[in-house]
Number of protein chains: 2
Amino acid sequence: MAIEGEASSTREAILVEARHCFAQNGYQGTSLNDIAAGVGIRRASLLHHFHSKDAIYQAVCRRALSDWADCIDEAVSGPVGEGWNYVDQVLTAAVRWFAQNPEFVRLVRHESLAAGDHLGFDLGMAIRPWFERAVNHFDREMGAGRFRKHDPEQLLISGYGAVLNYFSDVHFLESLLGRDPMTEDAIEARIEAIREFFRAALEP
Amino acid sequence: MAIEGEASSTREAILVEARHCFAQNGYQGTSLNDIAAGVGIRRASLLHHFHSKDAIYQAVCRRALSDWADCIDEAVSGPVGEGWNYVDQVLTAAVRWFAQNPEFVRLVRHESLAAGDHLGFDLGMAIRPWFERAVNHFDREMGAGRFRKHDPEQLLISGYGAVLNYFSDVHFLESLLGRDPMTEDAIEARIEAIREFFRAALEP
DNA sequence: GGGTATCTACCGACAGGTCGGTAGGCAACG
DNA sequence: CGTTGCCTACCGACCTGTCGGTAGATACCC
């Protein structure tokens with residue numbers, strides 16, 4: 001259920017360890033030896049389960065994306081509400097999920113930074129349906145006067161940046177703030193700040 | 001003057017090409033051959049000017065950081081103003097500089113994602129003085145009632161994410177939006193959106 | 001002639017990937 | 001029951017290519 005879990009089969013163990021390595025050091029920064037060592041087998045044995053490094057990476061990405069899709073689907077599963085409370089509910093669920101799955105966030109960041117070479121998947125295309133749905137929702141709400149008028153696309157891009165950055169650049173924040181940004185208290189404070197900030201910008 | 005400029009000496013050409021490569025593909029994803037090919041010399045000739053890959057990277061980082069410091073120093077060089085206009089002025093200058101120096105942004109992103117291995121420099125420590133200065137400014141302004149009350153640290157972290165992300169994840173945005181996010185019009189729209197969003201959140 | 005800048009040639013380390021082979025589980029068959 | 005054949009999981013040895021870095025020769029320039 002949780003994306004950062006334990007392993008049963010060797011294949012599972014490989015996926016878990018590979019996600020950890022790729023999230024930590026990116027595709028280029030991870031060697032098959034690193035993954036194999038983490039699992040406790042040799043490199044040749046890795047390639048018995050996956051026929052290439054690329055195949056491992058894509059499996060990791062596919063799994064991560066599907067976990068995330070589950071989170072979003074669950075968050076928006078109920079009836080579409082109106083006004084701040086509904087947006088707040090979805091936003092909070094998403095942020096909380098990111099906080100619990102920092103490896104996913106770092107994987108995404110590495111992927112979207114990797115740029116030209118489409119390694120794992122086209123992240124933009126994958127997210128697009130949710131993005132457009134959210135844009136339409138904001139359009140409706142702003143049109144109905146329940147939110148102040150902003151460009152919904154720009155708003156979502158800002159939110160995406162403000163949220164994901166916190167969990168991907170943990171090391172940077174630690175040295176900037178001089179404290180651990182991933183303690184339970186710090187995360188709760190961050191969630192609260194994001195909510196307040198968006199509420200301030202959105203509520204009429 | 002501009003960070004993305006041309007070269008006079010070979011050493012300069014190396015720094016320019018290296019910044020381009022490191023920004024595009026990160027430290028691990030850039031080989032000395034890549035840089036040398038871009039400059040038009042052999043790898044061994046690179047190492048005549050810089051005694052190691054690390055030395056090149058650190059020189060690039062030092063230069064980039066100092067260029068950015070110049071931008072900030074200039075933006076806050078005048079007398080410290082009050083209220084939204086002053087913040088708006090500094091914010092706009094910073095965003096505009098990021099828009100003109102996307103390689104700097106990608107360099108920073110790669111660096112803050114690289115995490116454990118302090119390759120170039122401690123970015124958090126380097127930015128800290130400006131960060132604290134900004135926190136104090138917001139504290140004063142909020143205390144004086146000229147801004148709505150927020151946690152200044154959280155506010156700045158949100159802003160940092162909302163701003164930098166746009167220029168670092170260009171490829172992601174291109175496939176998400178289905179259009180080029182770096183055209184002049186798109187950038188102006190982005191700047192406007194960021195200003196409006198922060199104004200909405202800050203102004204009482 | 002003494003530097004400076006560039007080159008070719010080379011090195012050891014390590015990358016991803018292949019190959020041949022081994023140990024053990026398991027079902028079929030005499 | 002024993003043996004035969006097949007399968008999965010794993011391993012060590014090896015391949016090719018690329019990496020960062022070094023050494024020495026050469027060409028040019030003051």
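Proteins come first, then strands; the chains are lettered A, B, ... in the order of their sequence lines, and each starts at number 1.
Of the listed nucleotides (dT8(C), dT6(C), dC10(D)), dT8(C) has the atom at the smallest distance from the side chain of Arg42(B). In the set dG21(D), dC11(D), dT6(C), the nucleotide with an atom closest to the side chain of Ile41(B) is dT6(C). Candidate nucleotides dT6(C), dG21(D), dC10(D) were compared by shortest atom distance to the side chain of Ser45(A), and dC10(D) ranks first. Among dT18(C), dG16(C), dA9(D), the nucleotide with an atom closest to any side-chain atom of Ala44(A) is dT18(C).
Distance Arg43(B) CZ to dA23(D) C1': 13 Å, rounded to the nearest Å. For the pair Ile14(B) CD1 and dA5(C) P, the computed distance is 10 Å after rounding to whole Å. Atom pair His48(B):NE2 and dT8(C):C1' shows a separation of 16 Å (rounding to whole Å applied). The separation between Leu46(B) atom CG and dG21(D) atom P is 11 Å, rounded to whole Å. Atom CZ of Phe50(A) is separated from atom C1' of dT18(C) by 19 Å (rounded to the nearest Å). Rounded to an integer number of Å, the gap from His51(B) NE2 to dA5(C) C1' is 18 Å. Put simply, CG on Asn33(B) is 14 Å from C1' on dA9(C), counting in whole angstrom units. In this structure, Arg11(A) atom CZ and dC10(D) atom P are separated by 13 Å, rounded to whole Å.
Residue Asp34(A) is the one, among Asp34(A) and Leu47(A), whose nearest nucleotide of DNA chain C lies closer to the 5' end (criterion: closest heavy atom).
Of all non-hydrogen atoms in Leu107(B) and Ala23(B), the two that sit nearest each other are CD1-N, 3.9 Å. Here the closest non-hydrogen pair linking Tyr86(B) and Gly81(B) is CD1-N, 3.3 Å. Residues Ala99(A) and Pro102(A) come closest through the heavy atom pair O-CD, 3.6 Å.
Across all strands, Ser31(A) comes closer than 4.0 Å only to sugar-phosphate atoms, never to a base (heavy-atom distances). Nucleic acid contact for Leu32(A): sugar-phosphate only, since backbone atoms but no base atoms lie under 4.0 Å from a heavy atom of the residue.
Only one option out of Ile187(B), Val170(B), Asp169(B) pairs with Pro181(B) in a side chain to side chain contact (heavy atoms under 4.5 Å, CB included); it is Val170(B).
Between the side chain of Glu174(A) and the backbone N or O of Asp180(A), no donor-acceptor pair lies under 3.5 Å.
Taking only side-chain nitrogens and oxygens, Thr10(B) comes nearer than 4.0 Å to OP1 or OP2 of dT6(C).
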